[in-house]
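Reviewing the structure listed below.
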2 protein chains.
Amino acid sequence: MSTLAQGKADLERASTAQKVADMLRERVLDGDLAPGLRLSEEAIGGALGVSRNTLREAFRLLTRDRLLVHEHSRGVFVRRPSGTDVRDLYAARRVIECGSLRLWDDVAEAQREAVRAPVRQAVARAEQNDWTRAGQANIQFHRGIVGLAGSSRLSDESDRLFAELMLAFRVAQEINDFYQTYVPWNRRIVELLDDGRTTQAVDQLAEYFDAAEQDLVARLEAHQSKGNVKS
Amino acid sequence: MSTLAQGKADLERASTAQKVADMLRERVLDGDLAPGLRLSEEAIGGALGVSRNTLREAFRLLTRDRLLVHEHSRGVFVRRPSGTDVRDLYAARRVIECGSLRLWDDVAEAQREAVRAPVRQAVARAEQNDWTRAGQANIQFHRGIVGLAGSSRLSDESDRLFAELMLAFRVAQEINDFYQTYVPWNRRIVELLDDGRTTQAVDQLAEYFDAAEQDLVARLEAHQSKGNVKS
DNA sequence: ATCGTAGAATCGTTCAACAATCCAACGATC
DNA sequence: GATCGTTGGATTGTTGAACGATTCTACGAT
């Protein structure tokens, strides 16, 4: 069954535009393509050996995922979240994740474990000072929370929000040290959940968002005046 | 200020692909293009006088809005929501709208009025047996609820969910008579809110979703076997 | 009746070209 | 000297044709 699903996934991985989009997505999330950077059709199309039309299709796919922004007749740019964007992002996350977490007691055990496991992993990574992987585990934690709702549409949208937030982290230059503060917080949330104190856990999550938003916005607006955009 | 924003909106309305997408969106939501219908690039491109590449860009835009689905090497189709899709959709709405409504007491009065007004309008339309406009007002009610969260990303995503739900209504053939049952329900929710009983209002909204989902899924799966897809 | 195969139809992608738009440098005017 | 047109050059927007790849349909073989 799993081999069949795997085979089907491979078969669907056909489109050139899709492959180009995947490659560019990785480059953007890794920071090789900095926020604010303009992506020239000619330069990138030439470098990747695909035609302009195909590249434009790839751009549309990434625009849908909010990694790129399209400005008419000006080109596409790597998204550069502003303070306003971050506030909008966290307002959405508060509703989605707090609402999902409230379902904790009603869902299957496997879904709950998908919340606990990433926190254990994040703690372990943090002890090894591996903040990159700790950050990835942190995202898995939040993905697990949204997964409690059992809606693939909601999970997909959350993934887009997370990706956008990654860009904001990059602009604020706090990729590595950001999670240091919040890993223990997540652990406490899971403890509350396992204690049956779901409401308090939700409150903690809301507070986490308040603190994270405030922190990120502050750092972002400190950096936003500097025109750190590579050409 | 508003005139400036208006002028800017007009200026941004430049792209051909965007205009084609807007036209097609209207045709899909009006039901001229039935769910399940395949949209031939050649036929539509020829009819609208745009090239295939431009049309494909328009398709991508509508795919992002979930009105169309793209199947590799097979073409694009008007989305035809299944029972599974509807359950997913309502799972998302439950989290988003119930979570937003919980913010009722914390938001500005203007935002609350954006929830009340559509209900008054829906009641008035319903009394005139104008179910089409009553349905539109009903959507505005739910848009107002999501607006309480103050996140444009969340509102945009909700609009996409609503659009998808409209397609489900069309498949279930209950465009007109569906709201008849639920308009009074919405009115009761607003009454509870104005009484300061926010928690009960949220519970009512959740029940509304349960009932609507069950109703819609039942009618959908009754119709799904019939291959009512025009070619 | 099922299966496989050939042919038609359609999509995926590329290429070349031109119009429309934006941008940066230059120069004119006050 | 600063602001405001103007002029090219570069880039995007859009088109049309072309061809390989994939899917669909219908026909015929077993």
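Order of the sequence lines fixes the chain letters, A, B, ..., with proteins taken first and strands second; residue numbering starts at 1 for each chain. Worth knowing before you read on, the calculation uses all heavy atoms, side chains too, and leaves out hydrogens, waters and symmetry mates.
- For the pair A:Glu41 CD and C:dC15 P, the interatomic distance rounds to 15 Å; values are reported in whole Å.
- Separating the CD atom of B:Glu71 from the C1' atom of C:dT10 is a distance of 14 Å, rounded to the nearest angstrom.
- The side-chain contact (heavy atoms from CB on, under 4.5 Å) search around B:Glu157 returns A:Glu157, A:Arg160, B:Arg66, B:Arg160, B:Leu161, not counting sequence neighbours.
- One interatomic measurement links the two molecules: CD of A:Glu42 to P of C:dA17, which rounds to 14 Å at whole-angstrom precision.
- A donor-acceptor pair under 3.5 Å links the side-chain atoms of A:Gln111 to the main chain of A:Gly147, judged by distance alone.
- Between A:Pro35 and A:Leu167 the shortest heavy-atom distance is CG-O, 4.1 Å.
- Side-chain atoms of A:Asp130 do not come within 3.5 Å of backbone N or O of A:Arg125 as any donor-acceptor pair.
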Taking only N/O atoms, report every protein-nucleotides 20-24 of chain C pair under 3.5 Å with atom names and distance.
| residue | atom | partner | partner atom | Å |
| --- | --- | --- | --- | --- |
| C:dC23 | OP1 | A:Arg74 | NE | 3.4 |
| C:dC23 | OP1 | A:Arg74 | NH1 | 2.2 |

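- Ion pairing between a basic and an acidic side chain is recognised when a charged N comes within 4.0 Å of a carboxylate O; A:Asp85 and A:Arg80 show no such pairing.
- Checking the phosphate oxygens (OP1, OP2) of C:dG12, no side-chain nitrogen or oxygen of A:Thr16 falls inside 4.0 Å.
- Taking every heavy atom of residues 48-67 of chain A and every atom of DNA chain C, pairs under 4.0 Å involve A:Gly49, A:Val50, A:Ser51, A:Arg52, A:Asn53, A:Thr54, by number.
- Just one of B:Met166, B:Arg25, B:Arg27 meets the side chain to side chain contact (heavy atoms under 4.5 Å, CB included) condition when paired with B:Leu67; it is B:Arg25.
- Using a 4.0 Å cut-off between charged side-chain N and carboxylate O, A:Glu42 and A:Arg52 make no salt bridge.
- Using modelled atom types, no side-chain atom of B:Thr54 and backbone atom of B:Val50 make a donor-acceptor pair closer than 3.5 Å.
- Close to D:dT12, at under 4.0 Å from its OP1 or OP2, lies a side-chain N or O of A:Arg38.
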